[in-house]
Amino acid sequence: MTTTAPSPAPPGRRSITLLSLGHACVDIYQGAVAALVPFFVSERAYTYAAASGIVLAASLLSSVVQPLFGALVDKWAMPWLLPVSTLLGGAGVALAGVGGSYALTLAAVAVSGVGIAAYHPEAARVARDASGGSHTAMGWFSLGGNIGFAAAPLMVSAVIATGGLHASPLLVVPALAGAALCVAALRGARAPGAADGGRARTKAAGRDDWASFAKLSGAVVCRSIVFVGLGAFISLYASRRTGGGDVAGTAALFVLYLGGAVGTVAGGRLATRYGRVPVVRWSYALCVPAVAGVVFVPGPALFVFTALTSAGLYVPFSLHITLGQDYLPRRVGTAGGVTLGLAVSVGGVASPVIGALADAVSLRAALAPLIALPAVGWLLLRTLREPELPGTVPGQPPSAPAPPDPAADAAARS
């Protein structure tokens, strides 16, 4: 009797797995900035406004430079950006706790923000190329980033609660692992020429729909302000609202981020059955009562509403990416940069406003306006239609694009 060895995973699947793990190692630093806020408040006596300024520093520069990286990616494949930007994102956070200067802390997290901004447009392009346009595969890629967010408060708490802010250089470890994963993923991905051919084929087949992309981006900005605002302050809010102290605060932030592990994968599956746009609309509608519960319901029930908020924020996460890329088929890098990075990080711009209001009135009063933003996002999405791609019926959910064809790639290049 003979046995056959199991066949290795297809190259595309292996690359998506490695890219997802690398994505986790990058986005752990987006979550780490918010997770550091309570420690800055306790160890350095920062006000709410000063603490939220750190979140702003990590987001603002990222928001400015991310479209530039997206435009560059639309013209040239730059896979080397993945490991380099991963190291840059980790180095900034690792240096944030070194020394007591507020200016140097702002500079360190700003450097991290630039690294994260450089990573996302190219990563979204490489992942789409490796996945063949599959919504489910892109969901797994997004899931990696969500897991990184969820792991951030646990990592920061384990390191900083034990050694204080001066132990922050230890936080560089995930960046080292992420850079190695990016290199391994790129070695298994398709050759650059094939990627360029696929891009040329997409450009020839599609038309950019800027009006729909603008509506989608506006909704994602609303989601971003809610997500970043809660991420920056829910640890402090939950620790006082539930009476559970720092443990309750860390748990609330973990629940907020952990929902991405379930919501992102669920979003891809729900979109396959019901269509991307309806699923995104339902998610924004769910966020309205969920955020209201977080703000106004006291005690342990706060964690339940935090979980519901997490689901509403994360179910549409990967769908934003594929919708944006399908609305701008000629500018996939720009679309990925905006939906995956710029519109996510721009929420940090609102953090100082929330912090200043919390200092002037109360943290609950400062968080209350977040309830209205998902409703604004729903209104923007109300008239949105599925992208009209070749081979689809207008208004109907498109099927995943066919896997790359080497012969077609060669023809496109010629």
Side-chain angles (χ1 to χ4, degrees), residues 8-32 58 62 65-66 68-70 72-94 111-132 134 137-152 155 171-196 198-199 260 264 317-318 321 325 332-333 336-337 339-342 344-345 404:
R13 184 182 303 172
R14 179 177 180 273
S15 294
I16 284 292
T17 300
L18 293 172
L19 287 168
S20 300
L21 294 172
H23 195 187
C25 293
V26 172
D27 277 6
I28 199 170
Y29 295 109
Q30 291 208 73
S62 174
V65 302
Q66 188 123 298
L68 301 179
F69 284 111
L72 290 174
V73 166
D74 284 333
K75 291 186 176 181
W76 303 287
M78 296 186 291
W80 56 268
L81 265 180
L82 299 189
V84 171
S85 59
T86 300
L87 293 172
L88 194 63
V93 168
V111 167
S112 178
V114 171
I116 292 168
Y119 171 86
H120 281 105
E122 179 68 4
R125 184 196 67 79
V126 173
R128 182 181 177 91
D129 188 57
S131 69
S134 165
M138 288 299 290
W140 285 108
F141 170 70
S142 300
L143 172 62
N146 301 152
I147 290 175
F149 263 111
M155 178 188 72
L171 300 178
V172 78
V173 172
L176 300 176
L181 287 165
C182 288
V183 171
L186 293 170
R187 286 178 177 174
R190 296 188 299 121
D196 292 341
R199 186 165 9 181
T264 304
F317 190 80
S318 67
I321 303 170
Q325 290 175 330
V332 171
T339 54
L340 190 56
L342 172 61
V344 175
S345 61

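The analysis underlying the following values was restricted to heavy atoms, covering all of them including side chains, and did not include hydrogens, waters or symmetry mates. All values derive from a computational prediction rather than experimental measurement.
Nearest heavy-atom pair, Tyr29 versus Gly89, reported as atom, atom and distance to 0.1 Å: CG-O, 3.9 Å. Listed here is the closest heavy atom pair of Ala32 and Ala152: N-CB, 3.4 Å. Summarising the geometry of Gly90 relative to Ala175, their closest heavy-atom pair is CA-CB, 3.7 Å, with the distance given to 0.1 Å. What you find for Pro83 and Leu186 is that their closest heavy atoms are CD-CD1, 4.2 Å. Closest approach of Leu82 to Ala123, counting heavy atoms only: CD2-N, 3.6 Å. Shortest non-hydrogen contact noted between Pro174 and Ile28 is CB-CG2, 4.1 Å.
We find the CG-OH distance between Leu88 and Tyr119 to be 14.0 Å, quoted to the nearest 0.5 Å. Atom OG1 of Thr17 and atom CH2 of Trp140 lie 9.0 Å apart (nearest 0.5 Å).
Relative orientation of the His120 and His23 rings is perpendicular, given thresholds of 30° and 60° on the angle between their planes.
The only option from Val84, Leu87, Thr86 that meets the side-chain contact (heavy atoms from CB on, under 4.5 Å) definition with Cys182 turns out to be Thr86.
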**Request:** Take Ser112 and Ile116 through the test side chain to side chain contact (heavy atoms under 4.5 Å, CB included) and record every step on the way to the result.
**Result:** CA-CA 6 Å; Ser112 178; Ile116 292 168; 4.0 Å; yes
